[in-house]
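Counting from 1, the numbers follow the sequence of the chain as shown. Just so we're clear, the structure is a prediction, and the values are computed from it rather than from any experiment.
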Amino acid sequence: MMKYLKFWILVLVTSVCWGVVNGQNSTDSLAKPVPKAADVGAGRLPATIAPVKAPFPMPVFTIPAFPALTINIADKGAREGTMVTKVIQSAIDEVSRKKGGTVIIPRGIWKTGRISLKSNVNLHISEGAELHFSAEIEDYLPAVFTRNEGVELMSLGALIYANGQENIAVTGKGKLVGPPDGPVRKQYMNVNVIEKVVPADKPVHERVYEGKDGGFIFPPMFISPINCKKVYIEGITLENTPFWNVVPVYCDHVIIRGITVRSVGIPRGDGIDIESSRNVLIEYCTLSCGDDCFTIKAGRGDDGIRVNKPTENVVIRYCLAREGHGGITCGSETAGMIRNVYVYDCVFDDTDTGLRFKTRRSRAGGGDNLTYERIRMILRGDAVKFDMLGSRQYVGELADRLPARPVDKLTPAYRNITARFIVVEKARTFIDITGIPESPAANLLIENAYVNAKTAFKASDAEHITIRAASITVTDTLMRALDVRDVLFEKVYFNIPGRKLVMDVQGENSKNIRFTECVPDKPEGLD
């Protein structure tokens with residue numbers, strides 16, 4: 001009897017997972033085809049924005065319209081081969097003063113320093129136009145209010161910057177090129193973690209880092225509006241960033257569509273970082289990055305708690321991550337909380353990690369209500385990875401798992417995470433969880449998954465984990481659990497021909513690890 005039961009479980013699970021890959025599972029309206037790389041990314045950008053349907057309320061997103069006023073910088077005296085910062089800024093200021101319109105960067109190669117966007121202005125980078133940014137610190141002074149790695153301070157801000165503006169845009173098929181080698185890239189703080197350099201008890205207006213007298217700067221982001229409403233970024237290509245690429249901070253109603261980022265080889269070259277912002281739509285973007293690709297952040301430690309602004313209501317869809325540390329990463333700055341994130345119909349092709357959840361004992365906050373659907377992953381590392389302890393290099397002894405610490409205001413937590421209709425074509429580990437003993441990773445549901453990996457599961461300090469209706473092909477039959485409780489594998493087919501699955505369970509808190517209607521029905525080593 002058991003032999004036939006296992007056979008029909010295999011038929012059921014294989015059928016469900018084949019539906020995940022090909023969109024043939026009619027039992028669930030969510031089971032559309034999981035996209036491939038050719039189906040998503042900047043090359044597939046449509047002319048209009050489709051309605052957003054998410055598991056939480058979202059606003060209506062439309063492409064903004066700007067008044068008819070247009071200024072071409074070439075008509076205002078800009079000449080290739082010379083610095084045109086003042087011409088661009090004057091045009092932006094004039095258009096904003098006249099109640100809005102478009103500033104055009106025409107075809108050609110233009111040299112500039114920091115540009116500050118103003119309300120009701122669309123900075124349009126024409127096809128064939130390239131804005132090349134200076135490597136000299138003085139071209140980004142005076143210091144402006146910004147946030148660097150989750151800490152507020154005064155420094156260079158961004159190559160394209162805005163503060164307190166409304167209805168701003170950067171559009172076009174042109175290219176933005178970051179600074180060549182020079183002081184902006186070499187004179188930055190790189191000797192310690194930021195909270196050990198920027199005093200939390202010092203007023204923000206006194207936290208000034210502008211490189212004077214041999215001092216360091218915090219490198220500028222590429223595009224970073226701060227405290228802005230109605231931000232629209234479409235179509236442009238960004239190359240050679242000095243730091244993170246597109247970083248809305250404290251913004252409301254942000255649309256990022258069809259951009260291409262190329263920062264491979266730049267150690268901190270994140271693609272898009274949404275930081276303490278809300279009501280965000282990211283779609284049809286292609287990112288190839290030297291660090292994480294799509295990233296959600298919310299402030300760091302004590303300074304992030306002081307600010308107390310979450311990132312919430314974020315939808316990422318039809319995007320392609322070509323290379324990077326994480327396809328989609330939450331953290332590691334989590335102090336203000338990351339909640340209500342919905343990622344669907346995306347492809348992570350040759351990234352290290354797929355779904356990545358980072359924080360540290362000292363970072364506070366965490367993540368809640370995070371949903372992922374129809375994601376395809378071809379990875380060098382792990383498909384679902386929680387890294388909540390970090391390393392001694394950055395947080396000292398707080399990276400040591402034991403002893404458990406008392407829960408306090410700096411204790412972060414990740415909870416209520418759902419991933420369904422997932423295809424993992426290649427990965428090192430399907431699920432790899434490093435939680436915090438006093439704050440385990442909690443309430444993770446993965447269902448309808450088709451997985452090829454070396455290892456299926458390893459976890460420490462986690463609870464309430466469910467893997468349901470999955471086909472998992474692995475070469476390493478050992479699964480590990482350390483202080484893990486309430487774990488359910490249900491209707492899971494482990495494809496391990498000719499070998500048995502083995503479960504190594506350790507820790508006095510490990511309990512209630514169950515395999516229901518699975519093949520094999522129960523691993524060796526599990527009581």
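- Here the side chains of Val484 and Ile433 are not in contact, with every heavy-atom distance at 4.5 Å or above.
- The stretch residues 241-257 participates, sequence neighbours left out, in these salt bridge (Lys or Arg N to Asp or Glu O under 4.0 Å) pairs: Glu234-Arg257, Asp252-Arg278, Arg257-Glu283.
- In this structure, CD1 on Ile223 lies 5.5 Å from CG on Leu176, to the nearest 0.5 angstrom.
- Arg376 places a side-chain N or O within 3.5 Å of a backbone atom of Val34 that can act as its donor or acceptor partner.
- Ring to ring, Tyr140 and Tyr161 are not that close: their centroids are 6.0 angstrom or more apart.
- Using a 4.5 Å heavy-atom threshold, the side chains of Asn163 and Val144 count as separate.
- Distance CZ/Arg262 to CZ/Arg322: 11.5 Å, rounded to 0.5 Å.
- Within the structure, every pair that satisfies the ring pair (Phe, Tyr, Trp, His ring centres under 6.0 Å) test and touches residues 353-380, not counting sequence neighbours, is listed here: Phe357-Tyr372, Phe357-Phe386, Phe357-Tyr414.
- Under 3.5 Å, the side chains of Asn369 and Asn340 contain a donor-acceptor pair of N or O atoms.
- By the 6.0 Å and 45° rule, Lys32 does not stack over the aromatic ring of Phe421.
- Without hydrogens or angle criteria, Thr473 side chain to Ser471 main chain gives no donor-acceptor distance under 3.5 Å.
- Put simply, the side chain of Thr359 never gets that close to the backbone of Thr334: no donor and acceptor are under 3.5 Å apart.
- Pairs passing the salt bridge (Lys or Arg N to Asp or Glu O under 4.0 Å) check and including a residue from residues 151-167, sequence neighbours excluded, read Glu152-Arg306.
- Side-chain contact of Glu323 with Ser288: a donor-acceptor pair under 3.5 Å is absent, judged by distance alone.
- Sorted by first and then second residue, the salt bridge (Lys or Arg N to Asp or Glu O under 4.0 Å) pairs involving residues 324-338 (not counting sequence neighbours) are Lys297-Glu333, Arg300-Glu333.
- Applying side-chain contact (heavy atoms from CB on, under 4.5 Å) to Cys319 and the options Cys346, Pro35, Cys293 leaves one that passes, Cys346.
- Residues satisfying the side-chain contact (heavy atoms from CB on, under 4.5 Å) test with Pro242, not counting sequence neighbours, are Leu159, Pro179, Val184, Arg185, Pro220.
- A donor-acceptor pair under 3.5 Å is absent between the side-chain atoms of Thr429 and the main chain of Thr455, judged by distance alone.
- We find the CG-CG distance between Asp352 and Asp292 to be 9.0 Å, quoted to the nearest 0.5 Å.
- One N or O on the side chain of Asn245 and one on the backbone of Asp270 form a donor-acceptor pair closer than 3.5 Å.
- One side chain, Ser332 or Arg363, offers a donor N or O that lies under 3.5 Å from an acceptor on the other.
- Close placement of the Phe489 and Phe457 rings is indicated, their centers lying within 6.0 Å of each other.
- The side-chain contact (heavy atoms from CB on, under 4.5 Å) test with Tyr232 singles out one residue from Asn167, Thr62, Ile63, and that residue is Ile63.
- With respect to Asp382, the salt bridge (charged side-chain N to carboxylate O under 4.0 Å, His left out) criterion is satisfied by exactly one of Arg428, Lys426, Arg356: Arg428.
- Between Asp387 and Gly390 the shortest heavy-atom distance is OD1-N, 3.3 Å.
- In this structure, a donor-acceptor pair under 3.5 Å is absent between the side chains of Ser439 and Thr411.
- No side-chain heavy atom of Val341 sits less than 4.5 Å from a side-chain heavy atom of Ile274.
- Note on residues 278-308: pairs passing ring pair (Phe, Tyr, Trp, His ring centres under 6.0 Å), not counting sequence neighbours, are Tyr284-Tyr318.
- Side-chain atoms of Thr241 come within 3.5 Å of backbone atoms of Phe243 as a donor-acceptor pair (strictly under, hydrogens ignored).
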